[in-house]
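Here is the naming used below: chain letters follow the sequence lines, and residue numbers restart at 1 for every chain.
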Amino acid sequence: MAAPALLLFGLFGLVPLVGVVVLSLADWDGLGSVGWAGLANWSGVLTDGATWQALGLTVKVMLVSWLVQTPVALALGVFQAPRGRARALFSVLFFLPLLLSAVAIGLTWQALLDPSFGIGATPGLHWLAQPLLGSPDLALYTVIFVIAWQFVPFHALLYQAGIRQIPTSLYEAAALDGAGPVTRFLHITLPQLKYTMVTSSTLMLVGSLTYFDLIFVLSGGTGGPGTATRVLPLAMYITGFQAHDMGRASAVATLLVVLGLALSLLMTRLSGFTRMDSQQEGM
Amino acid sequence: MSTTVTKARHAARTGAGHDRGADRSAPPARPGSPRRRTVVGTVRRALSGGVTLLWAAIVVVPVYWLVVTSLRTRADFTADSPLALPGHPTLDNYRTVLAGDFTTYLFNSVIVTVATVVLTVAVALMAAFAIVRGAGGRLSRVSFRLYLLGLAIPLQAVIIPVYLLIIKMRLYDSLLAIVLPSAAFALPITVMILVSFLRDVPRSLFEAMIVDGAGDWRMLFSLAAPLARPALMTVAVYDGLQVWNGFLFPLILTQSGDKAVLPLALTLYKGQFGIDVPATMAAVVLSTLPMLALFILARRQLVAGLTAGFSK
């Protein structure tokens, strides 16, 4: 019964995982036949400053977006946790970005941030009328902001659910002991949210390796201005599907695989995902 | 803008009232306590409330701008203040988009999404059932770990071998070329959510069925599947959302315009309409409407299931 899923996942998930390493040793333009290149792609990729810049940008996007999204998502989660009509309304509002595709979000923000006709043309908002996406210094942070716009609501939802699962008795006991709201937050809410935080962080960190669609659209397919937003997935796409060097692009992609697997191992260590028993029994 | 903010502020104020009421009656997550109304508590609530309001504005303003822009004429787009209501609201942009190939793209998106979801959910349910029933067994543990590993594989990292595979299978530039990899990449999260749901089904239920002489398939169809219905709905909607909005597989695995799905079509519109921003925004709105409809229909299910699936 497990066979169909394993077959599908094996063919399009695991085989390509090995395939990308094999192809990183190949010479292929994406159209003709696949030749052998040995370690040429690797020595090319690893001695190329552009690779390291892309890797640096990827890590920077990963860390900064984690730092931005986590506190905001946590605050929103704390606010949304108690039930009530207003909070339900906010939950609906906050869900909107999750319904839009990354392409839709990219096109919207690109037009919205246009220095001449975008939101900066609103009286009182002229400080927004600058090339936020066109400036090499600001583009990356603008991208990180739009990423947060897209994903914070989802993580807020996770935190909201996590908080709702904390047993009330813990707070009652703490209140009896005279613990104030801050103490309760620090000593009950935060520790109880440990697994939620691991889940959310993992999804954020691994997810940040996949920020392709949005940056592709926001930067007009170039990872620009210049190479200011050319993260690893974009570097891979440009090398492979625009410059037609699939071998070299596969080497770049292998770096992504390594990053992803390292994060995954960390996650399995930290979280309780692999526990096979029910987590409700015995509570 | 100002109306939005005022409304949000009003909502927050009534929300604070609700909060205290709810705290006393139903068993809420954050219980009331004698010390609830301390200065620190007020500051903390103001802080999270403030962040919430600010974020609400950040979320709502672009969505509002998107909709009003799609209703402007091209002339008004450059003349009007961006956040004002349209001076001469018009549906012309929508007519322009619908007069083109929009229905083809929509149809492609529907086919790809439905086929992927059906395929994913069907095989994932079988896999999750096998994993939970074989819990403790080596095979079950190994296969579960494989899917967990899959959670960490970025699509982009393996797109080149997938591209090669699709070419070799002679599926390039077909809708099936999107369906198969999309389903494969939706599997890990789907299996994970279904496993975490199914392992809470009491063992005694399965054992009772075994005593009655039921085989695996009967247990799957008459016990696991009905019990897992809420989880199945959740993963179906979640996977549907992902596939509907997917861009990379369509970008790389299809080529012709008549095989384009909506997200890919949006980039085509952008090229086609050039600086006609209102028309592009109308296309963006149209491409989102089906998901909005789905969300309105399945909101409770989606939110509850999604959060339960991830936060265990």
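The part of A:Tyr237 that comes within reach of chain B is its side chain, from C-beta onward, which places non-hydrogen atoms under 4.5 angstrom from that chain. Heavy atoms closer than 4.5 Å to chain B are found in the side chain of A:Gln110, but not in its backbone. At a 4.5 Å heavy-atom cutoff, the contact between A:Ala148 and chain B is made by backbone and side-chain atoms alike. The contact between B:Trp65 and chain A is made entirely by side chain atoms (from C-beta outward), counting heavy-atom distances below 4.5 Å. At a 4.5 Å heavy-atom cutoff, the contact between B:Leu164 and chain A is made by backbone and side-chain atoms alike. Neither the backbone nor the side chain of A:Leu170 comes within contact range of chain B; no heavy atoms are under 4.5 Å apart. Interface remark: B:Trp244 contributes no atoms to any contact with chain A (heavy atom separation under 4.5 Å). For chain A, no part of B:Leu125 is nearby; none of its heavy atoms comes within less than 4.5 Å. Contacts between A:Phe241 and chain B at a heavy-atom distance below 4.5 Å involve the side chain alone, from C-beta outward. With a 4.5 angstrom heavy-atom cutoff, B:Leu251 touches chain A only via side-chain atoms. In this structure, chain A has a heavy atom under 4.5 Å from the side chain of B:Ile167, while its backbone stays farther away. Proximity to chain B (any heavy atom under 4.5 Å) is restricted, for A:Leu23, to the side chain, taken from C-beta onward. The contact between A:Leu96 and chain B is made entirely by side chain atoms (from C-beta outward), counting heavy-atom distances below 4.5 Å.
Heavy-atom minimum distance, A:Leu99 versus B:Asn245: O-ND2, 3.5 Å. Nearest approach of A:Val20 to B:Ala157, heavy atoms of both residues: CG2-O, 3.3 Å. The two residues A:Met236 and B:Gln156 come nearest to each other via the heavy atoms CE-O, 3.1 Å. Across all their heavy atoms, B:Ala184 and A:Phe12 have their closest contact at CB-CB, 3.5 Å. Between B:Pro62 and A:Leu112 the shortest heavy-atom distance is CB-CD2, 3.8 Å. Nearest heavy-atom pair across B:Ser81 and A:Pro123 is OG-CD, 3.4 Å.
Side chains of A:Phe94 and B:Thr52 form a contact here, defined as non-hydrogen atoms less than 4.5 Å apart.
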Item to complete: List the steps and the verdict of side-chain contact (heavy atoms from CB on, under 4.5 Å) for A:Phe216 and B:Phe247.
Response: CA-CA 10 Å; A:Phe216 182 88; B:Phe247 177 64; 3.5 Å; yes
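Atoms CG and CD1, on B:Leu83 and A:Ile119 in that order, are 4.5 Å from each other to the nearest 0.5 Å.
The most heavy-atom pairs under 4.5 Å with chain A, out of B:Pro290, B:Ala122, B:Ala183, B:Pro181, come from B:Pro181. In terms of heavy-atom pairs under 4.5 Å with chain A, the best-connected choice from B:Leu165, B:Thr190, B:Val277, B:Thr280 is B:Leu165. Considering only heavy-atom pairs separated by less than 4.5 Å from chain B, the leading option among A:Thr210, A:Val72, A:Val206 is A:Thr210. When each of B:Leu241, B:Ile252, B:Thr267, B:Ile58 is scored by its heavy-atom pairs under 4.5 Å with chain A, the top score falls to B:Ile252. Note: B:Met281 leads B:Arg133, B:Gln242, B:Met281 in heavy-atom pairs under 4.5 Å with chain A.
Within 6.0 Å of CG in B:Leu289 there are more than 12 heavy atoms belonging to other residues, nucleotides or ligands.
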